[in-house]
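Chain naming here is simple, since letters A, B, ... match the order of the sequence lines and numbering starts at 1 in each.
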2 protein chains.
Amino acid sequence: MPVGKSAPKRRSGCPLNASVEMLGDRWSLLILRDMMLRGFRSYKEFLQSYEGIATNILADRLRRLEAYGIITTQPDPSDGRKLIYALTAKGIDLAPVLTEMVLWAARHEETENQALVKQMQKDKQQFLAAIRQRWAEKIP
Amino acid sequence: MPVGKSAPKRRSGCPLNASVEMLGDRWSLLILRDMMLRGFRSYKEFLQSYEGIATNILADRLRRLEAYGIITTQPDPSDGRKLIYALTAKGIDLAPVLTEMVLWAARHEETENQALVKQMQKDKQQFLAAIRQRWAEKIP
DNA sequence: CCATCTTACTTGCGAAATGCAAGTGAAAAA
DNA sequence: TTTTTCACTTGCATTTCGCAAGTAAGATGG
């Protein structure tokens, strides 16, 4: 449920369209994957991710994800230069979406990381519960 | 499982990246929604969909979806001008992805079509089975 | 405390993608 | 035979992307 912020006017009220407007680009979901599955929390880590996002695009996507309430940004108490990016509850709720996208691609394309895929296939609910729990633990 | 066709070189082998490269734009998933949930099968129907896709973008997206094996194109036997677009098995396998995206947006944003959402929430498996069955029936 | 390094960005700019309006050609309808 | 309909294509202005090169604030080493 969005609060304050004048809604930026959607093309339609369809829930799928809402998702697509927030996540429908070539980078947002990869950033979320890195946060959710690889535990990335800093700008530098995202930059070093294999796909190679450009610095200006990364900055833009992080701003957008924060504006949508999918991630939060806070200063690193142990290093004033660093910022810590973290998933909100709304962000971690995207785990089922990412999971289904991974399973779909694994079924129909030649992809890597079969270990992860097998884990998802074996027990999807347990996989999701584990992700959620890891997230809950480092929220303090 | 892709056959022939020189793979167009992905940014990475990650299955999520594969999905994002095929579907990560502002229109592809909306077209698939229209096919899957609204039963749209022609160019004209897609054009008239509420979000208002441009004609050149629509033509491009249909070509891409066909190239990825997500949809098929065939001439309408009863009208030589028309083409019939249909979901392949790979395409209908995206139903869980669309469903999770709809449920996520419905939970975290103000969206319409609550009837559809309630149906998905009530029994996700049955909802998916129904979609799959409707698809199987009109494959002849 | 001063030079150097890191980190998280911003800026500039060419290339690609998008959006809009106006065609086009083949087939169906009137 | 003229008019519509359908599935596009073409041109062109606008927006977004991607790469390289900065920059400012904070940490680090001597």
Round to a whole Å and report the spacing from [atom1] of [X] to [atom2] of [N].
{"X": "A/L62", "N": "C/dT7", "atom1": "CG", "atom2": "P", "value": "16 Å"}
{"X": "B/L58", "N": "D/dC6", "atom1": "CG", "atom2": "P", "value": "14 Å"}
{"X": "B/Q74", "N": "D/dA7", "atom1": "CD", "atom2": "P", "value": "14 Å"}
{"X": "A/Y43", "N": "D/dA25", "atom1": "OH", "atom2": "P", "value": "17 Å"}
{"X": "B/R64", "N": "C/dT18", "atom1": "CZ", "atom2": "C1'", "value": "13 Å"}
{"X": "A/L83", "N": "C/dT6", "atom1": "CG", "atom2": "P", "value": "19 Å"}
{"X": "A/R41", "N": "C/dT7", "atom1": "CZ", "atom2": "P", "value": "17 Å"}
{"X": "B/D60", "N": "D/dA7", "atom1": "CG", "atom2": "P", "value": "17 Å"}

For B/D34, the salt bridge (Lys or Arg N to Asp or Glu O under 4.0 Å) test, sequence neighbours excluded, returns B/R38
A/R26 meets the salt bridge (Lys or Arg N to Asp or Glu O under 4.0 Å) criterion, sequence neighbours left out, with none
Q. How about A/I31 and A/L58: do any of their side-chain heavy atoms sit closer than 4.5 Å?
A.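 Side chain of A/I31 against side chain of A/L58, heavy atoms only: contact under 4.5 Å found.
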When every non-hydrogen atom of A/T111 is compared with those of B/P15, the smallest separation belongs to CG2-CA, 3.7 Å
Which atoms form the tightest heavy-atom contact between B/R134 and B/L37, and what is the distance?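 Closest approach of B/R134 to B/L37: NH1-O, 4.0 Å.
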message: So, does B/W27 get its side chain near the phosphate of C/dG19, meaning an N or O under 4.0 Å from OP1 or OP2?
response: yes
Residues at least two apart in sequence or cross-chain that pass side-chain contact (heavy atoms from CB on, under 4.5 Å) with A/Q48, listed by chain then number, are A/K44
Sequence neighbours left out, what passes side-chain contact (heavy atoms from CB on, under 4.5 Å) with B/S12? Give chain and number order.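 A/Y50, A/E51, B/C14, B/N17.
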What's touching nucleotides 23-30 of chain C from the protein side, N or O pairs under 3.5 Å?
residue	atom	partner	partner atom	Å
C/dA28	OP1	B/G80	N	2.9

For this session: Please confirm whether the backbone N or O of A/R107 pairs with a side-chain atom of B/K90, one donor and one acceptor, at under 3.5 Å?
Result: no
Comparing A/E45 with A/R11, nearest DNA chain C nucleotide closer to 5' gives the residue A/E45
* Asked: Can a cation-pi geometry be assigned to A/R11 and B/W27, taking NZ or CZ under 6.0 Å from the six-membered ring centre and within 45° of the ring axis?
  ->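 The answer is yes; both the distance and angle limits are met.
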Which of D/dT9, D/dA7, C/dT10 is nearest the side chain of B/R63? It is D/dT9
If you check the A/I57 side chain, which of C/dT7, C/dT10, D/dC17 turns out closest?
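Output: D/dC17.
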**Message:** If you assign A/R26 and A/P77 each to the DNA chain D nucleotide with the nearest heavy atom, which residue ends up on the more 5' nucleotide?
**Reply:**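 Checking each residue's closest nucleotide, the 5'-ward one belongs to A/R26.
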Ordered by number, residues from residues 49-56 of chain B within less than 4.0 Å of DNA chain D (heavy atoms) are B/T55, B/N56
